[in-house]
Structures are given as C-alpha cells and as structure tokens.
Amino acid sequence: VKILKAGYYSRTMVEKVNKSKSKVDGNVPNSLYNRWLGIILLLGLLTFSQIGRERKDFESSSDSQRAQVPQEQCVGFCDARKNQLAKHYGGDLLDRNYLVKSVEKELDKLHQKLKKDYGEEAFQSMWVDSKTNKVIGNKALDSADQNTDVSYDKFKRKLQMKVLQVQIALMDEMENLGGCNCMDGSSSVPLRERRRRLNEGKTVVLPEVNTFLERFVWSTGGHSAAAAHGNLHNESYTAFLEKGAQDAFLAVGIEFIGRNYAMGGMDSAPHLAICNEAVYGTDADVISWDFGMTDGGAHWKTRLYASRTGVHTNRPAHVTVNVGGRNFKSRVGSLAMAEADGVPSLYLKPQIQEKVNGGIPDSFGMGQADLDKLGPFAQYYKCKTQIEKEEPCGSKKYNEDICPSRKFKASWHPGWREHATTGNILALFMVETMIEALKDLVETHGSVEPKELYNKLKAEEDSEYSKYVASEVPDDYPDFVSEELFKEGLKTNVFFRNKAICKTTLLPAQSRYLGLLTESEMKGEINGYDVGFDKDEAMKVPPIDSKDKGSLTLVYEKNARQQCDVDLNIDYKDYFFASDRYGWASIKFPNDAEMEAYAPSGFNPDGVIMICLLKCDWGKCPPGDASIDSFKEGKWRMELNGNPVIDMVKVDQCSVLKTEDGFKNKPGKDGRYELRVQIDKQEDSLVNFVRITSIAVL
C-alpha cells in the first residue's frame, strides 16, 4: 500500500507541477505522459523495495559469520553470497581464466596511466621495446644465472601459491558459511522457489566481504638513495611500485604492500642480513638489496644478505636493484652462488634501466608547446643528456611544494622522477609475472583443485629449503670471519645458515612498529610506536634510581626527526644506551614477544652473540662514545649471563662476544640471555656512554 501511495503521490506531484507550468506557458498537461511517468516511478520503487528487502535479508555483518542459516534458506543464501563476492571482486576468484583476464585488464590500465604520466611520445620511447613493440615487463628482472630461469620460476611459484591460498581461504569459508555448504553447486530447487523461501523465512545476514584474502609484501632494503632521502616518503620507488601493482593484485584477492625500509648509511651485512626478520618482517615475500654505494666491493655482503633469506621464516625471494656499474659481474656472481645454494635470486637488469633512461625526451631548449606534450613525469627529467642534472632539470629535481627546506636534497640522491621510473619498472614486472603465473596455473594445472596443487607446490618448496638449511658454506671469506673465530671452531656456516633472533633498535623495523622490542602496547607503522627516551634526557638522569639494577635504555635523538605535515625520511638510528651514571645496566633477550614472533616452535641456538654498536655518520663519533678499541683498553666492560666478556671479535661492523666459555654461550635457566654493561668515567669527557643498535643470538 505504501508503494502504491508513493507512486500515486509521485504521479500527482508531477501533474501539479505541469498544471502550474501550464498557467505560465499555456501548455495543456499531457495526462498520458503523467500516467507513464507514474508507472515508471512505481516500478522503480518496487525495484528498490526488492533490493531493500534483499539487503534486509542479507545485510553485511562481521558478526553474522557465527549465525546459523535455516537449511531451507541455504540455497538462496549461497546465491546471494556468490553474487555479493562477484560484485565485490568483479568476478569469480575460483575461476583461473577469469583471474588472467582480470589482471590483464589491470595491466592495460597501468599502461594507460603511464601514457598519461609520461605523455604518448615519451611512453613510446621509454617503455616500449622497439624490436617487439611490447611494453617492458616480466623480462625486466633476470635470474642470477642468466642461462637458466630457475629463480624466475621459483618466483612464479611463490605467486601461484599466494593465489591458491586466496582460493583455499574462499573455499573454506564457502564450505561452512552459516552452516551452509555453498561450494555444493547442485540444486534442484528452482530460482523462484529459492526466493520465495528467502522472502518468507527468517531474516539472515550476509558476512562482510574481506577486501583481500592474502598479502604480498615487498620489503626494500638499501641505503639513503633507496630510502628516498631528499624526497617525500611516498615518492620512493617502493611507493611507486606499490601504487603500480596494488590494483592488479587486488583483482586476485591479494593486498600488495610496499615497505620502504631502506636506511641511510647502512651496509647490507652482517647487521641487516642477520636481523632481516626483525627489520623487514616475518611476512616479507621479497627482500630487496640496494646497497651499491655502501657495500662497495665487499661482495660477500651481497651473498650473505641473499643467503639469509633462505633461513627467513617466510622464505622470501631476493631481488637486487641498481646492480649496474663496475661491480656488476662480481655482485651477480655472488648472487649466483646464493642461487646455486637454493635461494631465489633475481636482479633488475641494467640494460632495462638504460633503455628506459635512454628514451627520456631531452627537455633542454624545448619550447612550451613541446613541453606540454610531455607528461609531468617526463618534463624536466633529462637536460643536455643528463638525468635530473643541468638546468632547468636540476632545479626541478625535487618536489618543492611541500616542506621545501627538508634535509638530504643531495646531488647523489635521485629525485622523484627517477624513483617513479624504477618503481614503475618493478610494478610492470610484478603485474606481468602475475599474469604468467596465472596462465601457467590454467595451462599446466587447470583441473587440479587448489588445496591439492598448493600442497604439491609447498612440498617442492619444503624439500628445496630443507636441503638449503642443511647445506654447508665454504669458509672462504677471510674478510668476513676472522682467523680467531676459525680457531675457536666458529665457521662461516653459523652466520649463513643458523636461525637468528635479533633485537634491533633501528628504524624502520617491524619489530619496533609491532611493539616486540619493548613488549609495548604502543604500536603503529611509521607513527604510534614506542620511541623510548630522548637522548638529552637519557644523558642527564638514568630512568631508574638504583645504579646496580639499571636498564639499557631505548633512546632516540629528537633533532634527527624532520618536522613536516607529511612523512619524509623514516629511517633513524635509535639505540640502547647506558652512560657512566648508570652503573651496571642490563637487558634480557630474547623477550617473550620476540620468542613468539620469531621462534614459536622453540629456539635452540649455538649461543653465538653478536652485537652492533651504532655506526656513526661519515665515521664521526661524538666524544665519550664507546668503541671496540675502548673496550679492549678496559674503559668499559660487559657480562653475559654473569660471565665476563673477555673479547669483542670484529665481524665487519659488528662484533662477536667471547667469554671464558668461548664464543658459544649457554642461555640461563629461563632460556634467555642477560647482557650487562658498565661504563667508566673518563677525565677527557663530560659523559661516557655506549650505544648498541642490535643484539643477535645465532
């Protein structure tokens, strides 16, 4: 009755308007037109009423997943759920042919976006291969051993396993949704009868649809250029990679996350290599390397960094970015060693970067009409054949619209256009490789059920990584492991293959953001985490009164944080701190949160303890800062579980602690270690202190 009245009143209102209008312009109202309009409005209201009823019967709610659906309503309920999922995801995520088409559609959108960003002419010259007339993509990265596709094939397998996990999660939900088996496609109940049962039955609520069912995490490791110093945080190549790949991955139910966890002035190993879970996260699917400027010719660092991904919980692939230059062959050779051991090791091919950069239109001397033909990503990118140099390009290298006086706008740091280019190359690779992975699922495994196929691929991976962890690493790194460690029986294998739990203060790091380091309730990505104490306050007064029971204090330096309305650089060298005012200061490790995160099934290390002191920028440390040399001079001391530390043996920029028991130390009865530190007051300094950035147990 309400609908009929609504239709009548709508029709009547139209007639009243027309009658009023006729008094003004003298037109005679068209009663037939009014009747049809009333009927159309009535039908429209009926339609909305039905939609409203369906929504009432099947509204989204996270609480409803526990509610039971009457069996006579299951078929209609499942129909509604399938329609809901198809509407949300754009199609059937269980249909692999649909997934291929869906990601191909997103790839085309990415191409169109690049045309807009760079302009048609620049898009053609930069991003299209002149020989094949195809946009560069999955050929941008190569396996370390260029004669095989072994790492690329393993990378595709990782993507396939992600897609299968999405399908398995969806099937598991649908097999028992409100007590209904929505995977049972057979039904003899006609559609009209299904709807009648729904309309007359108990109101049932549809569960909310998850935006995504799996995650793919790319964690970037590197130095200041990779961290996008001088730019906004969202102008890093990792941010452009995430923007470029996220829609294609969401099309298959996967959230793509790009973590820019590069840190200015840091080498790749041993510090970050051994602390890769604490820094890059236990959920990382890719851990990339971009340390060319800081690692230099120390190619053992590249191998160790890549090799440590093989003992990482999530078995991420290693990807080397910006590997070109005079060290190219040696670096790729180190990667090939890790690849031969069993770690998927890919690198961004320098010739791809050269092709893209070579196609950038030269803005020097261009008139405004020609500049306008270029997109903003190509304008002022290259001048006089130089990228982001020479004028007018040099002065337009950085984004000057937000916080223009920010730090680190150095000549050796790339600007946002160069970051965009690298990020877009990686995004094209990720999307095209996803398409290749999906096509392989269709063509090679089309009829195999997701659970069966996932178990098969997982078994292959398990076998490969079991062999990897059991393999031996030759002791051929004299610059890495010292003769003293060799004599004590501490081989290279300990650092390359042992499981490690690392307690690190460095930022960015997942252990800091998740509150694991201090077991704090303060958590948050980039903001909201436990920052500790300001350095100036820590210098003045210890955080607790009893000097015999002091604690190593988590300290940050306020003047290192830039102030801006948006995120700039997020990498900071925080540290554990103790001064000559603290007496004996201690820390226990690993804590309960770290054990649960990194070794939930138990931890049985060799008891090798590695600590890393703060690496001073440009090697300039402040007066009173403790060092390995001052430890050997007896100016500060350490104890490990009550045993005096008698030596610190350097492993590049970190040190292995030696007690009277040697380099392998047993934990306490609680399975933990306690490190105590005491600093002596020196006459030539106002305050003497130690700054420790990481403690690792292997």
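FYI, side chains are in, hydrogens and waters are out, and symmetry mates aren't considered; it's all heavy atoms of this structure.
Annotation: side chain of L107 is in contact with side chain of L428 (closest heavy-atom distance under 4.5 Å). By the 4.5 Å heavy-atom criterion applied to side chains, I501 and F603 are counted as neighbours. Contact annotation: the side chain of V252 approaches that of V103 to within less than 4.5 Å [non-hydrogen atoms, C-beta and beyond].
The two atoms that bring A306 and V343 nearest to each other are O-CG1, 3.5 Å, heavy atoms only. Taking all atoms of both residues into account, the shortest heavy-atom contact from V677 to M638 is CG2-CG, 3.9 Å. The two residues H419 and A228 make their nearest non-hydrogen contact at NE2-CA, 3.5 Å. Nearest heavy-atom pair across A278 and Y598 is CA-OH, 3.4 Å. When every heavy atom of I628 is checked against every heavy atom of S655, the shortest pair comes out as CD1-OG, 3.0 Å. Between I274 and R308, the shortest heavy-atom distance links the atoms CA-NE, 4.0 Å.
No salt bridge links E674 with K588; every basic N to acidic carboxylate O contact stays at or beyond 4.0 Å. K456 has a carboxylate O that lies under 4.0 Å from a charged side-chain N of E460, or vice versa, which qualifies the two as a salt bridge. A salt bridge does not link K523 with D530: none of the charged nitrogens is closer than 4.0 Å to a carboxylate oxygen. Salt bridge absent: R157 and D153 never bring a charged side-chain N and a carboxylate O closer than 4.0 Å. In this structure, K467 does not pair ionically with D341, as no charged nitrogen and carboxylate oxygen lie closer than 4.0 Å. In this structure, D574 pairs ionically with R512, as a charged nitrogen and a carboxylate oxygen lie closer than 4.0 Å.
Between Q160 and the options L438, D440, L453, a side chain to side chain contact (heavy atoms under 4.5 Å, CB included) holds for only D440.
Interatomic distance, C275 SG to I695 CD1, rounded to the nearest 0.5 Å: 10.0 Å. The distance from the NZ atom of K451 to the CD1 atom of I168 is 7.0 Å, given to the nearest 0.5 Å. H413 contributes atom NE2, which lies 3.0 Å from atom OG of S224 (distance to the nearest 0.5 angstrom). Interatomic distance, Y454 OH to Q165 CD, rounded to the nearest 0.5 Å: 4.0 Å. For the atom pair OG (S520) and CG (L554), the distance works out to 10.0 Å, reported to the nearest 0.5 Å. Annotation: the span from L657 atom CG to N643 atom CG amounts to 12.0 Å, rounded to 0.5 Å.
A donor-acceptor contact shorter than 3.5 Å links the side chain of K158 to the backbone of R315. Panel note: side chain S151, backbone S345; a donor-acceptor pair is recorded below 3.5 Å. Listed for the Q167 side chain is a donor-acceptor partner under 3.5 Å among the backbone atoms of L93. Panel note: side chain E242, backbone A239; no donor-acceptor pair is recorded below 3.5 Å. Using a distance-only test at 3.5 Å, with no hydrogens or angles considered, a donor-acceptor pair links the side chain of R96 to the main chain of H445. Here the side chain of K573 pairs a donor or acceptor atom with the backbone of G264 at under 3.5 angstrom. A donor-acceptor distance shorter than 3.5 angstrom exists from the side chain of Y468 to the backbone of S307, with no hydrogens or angles considered. Of the possible polar contacts, none joining the D571 side chain to the A227 backbone as a donor-acceptor pair under 3.5 Å is found. For N210 (side chain) and L213 (main-chain N/O), no donor-acceptor pair under 3.5 Å exists by modelled atom type. Under the 3.5 Å distance criterion, the side-chain polar atoms of T294 are matched with a main-chain donor or acceptor of F291.
Side-chain N/O atoms of D652 and H271 include no donor and acceptor closer than 3.5 Å. Between the side chains of N314 and T282, no donor-acceptor pair is found at a separation under 3.5 Å. Between N322 and Q353, the side chains place a donor N or O and an acceptor N or O closer than 3.5 Å (distance only, hydrogens not considered). Side-chain polar atoms of Y237 and N424 form no donor-acceptor pair below 3.5 angstrom. Side-chain contact, D295 with W289: a donor N or O sits under 3.5 Å from an acceptor N or O. The closest side-chain donor-acceptor pair between T659 and N665 falls under 3.5 angstrom. There is no side-chain donor-acceptor pair under 3.5 Å between T302 and S334. In summary, the side chains of D606 and N498 do present a donor paired with an acceptor at a separation below 3.5 Å, with no hydrogens or angles considered. Between Y347 and R331, the side chains place no donor N or O within less than 3.5 Å of an acceptor N or O (distance only, hydrogens not considered). Using modelled atom types and a 3.5 Å distance limit, the side chains of H318 and T320 yield a donor-acceptor pair. A donor-acceptor contact closer than 3.5 angstrom links the side chains of Y261 and Q510.
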Take M430 and L241 through the test side-chain contact (heavy atoms from CB on, under 4.5 Å) and record every step on the way to the result. CA-CA 9 Å; M430 290 302 306; L241 161 62; 4.0 Å; yes
Intermediate values then yes/no, side-chain contact (heavy atoms from CB on, under 4.5 Å), L141 and F155: CA-CA 11 Å; L141 272 67; F155 192 74; over 6 Å; no
Determine, step by step, whether S471 and R497 satisfy the side-chain hydrogen bond (donor to acceptor under 3.5 Å, both in side chains) criterion, reporting the C-alpha distance in whole Å, the side-chain angles of both residues, the deciding distance to 0.1 Å, and the verdict. CA-CA 8 Å; S471 64; R497 296 290 188 270; 3.1 Å; yes
Assess the residue pair N138 and Y152 against the criterion (side-chain hydrogen bond (donor to acceptor under 3.5 Å, both in side chains)); give the C-alpha distance rounded to whole Å, side-chain angles, the decisive distance to 0.1 Å, and a yes or no. CA-CA 9 Å; N138 66 316; Y152 182 71; 3.1 Å; yes
Report the C-alpha distance between I136 and I352 in whole Å, list the side-chain angles of each, state the deciding distance to 0.1 Å, and finish with yes or no for side-chain contact (heavy atoms from CB on, under 4.5 Å). CA-CA 8 Å; I136 63 171; I352 294 294; 3.8 Å; yes
Can V279 and M263 be said to form a side-chain contact (heavy atoms from CB on, under 4.5 Å), step by step? CA-CA 11 Å; V279 173; M263 305 178 188; 3.7 Å; yes
Verdict with reasoning, S143 to D149, per side-chain hydrogen bond (donor to acceptor under 3.5 Å, both in side chains): CA-CA 6 Å; S143 298; D149 286 328; 4.8 Å; no
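Listed by first and then second residue, the salt bridge (charged side-chain N to carboxylate O under 4.0 Å, His left out) pairs involving residues 266-278 are D267-K301, D267-K615, E277-K499 (not counting sequence neighbours).
Note on ring orientation: taking the six-membered ring where Trp is involved, the planes of F589 and Y673 are parallel (angle under 30°, cut-offs 30° and 60°). Using a 30° and 60° split on the angle between ring planes, F216 and F249 fall in the tilted class, from 30° to 60°.
Remark: R691 qualifies as a cation-pi partner of Y575 under the 6.0 Å distance and 45° angle criteria applied to the six-membered ring. Taking the centre and axis of the six-membered ring of F240, the NZ or CZ atom of K243 falls inside the cone set by 45° and 6.0 Å.
Surrounding CD of Q653 are more than 12 heavy atoms belonging to other residues, nucleotides or ligands, all under 6.0 Å away. Surrounding CG of D670 are more than 12 heavy atoms belonging to other residues, nucleotides or ligands, all under 6.0 Å away.
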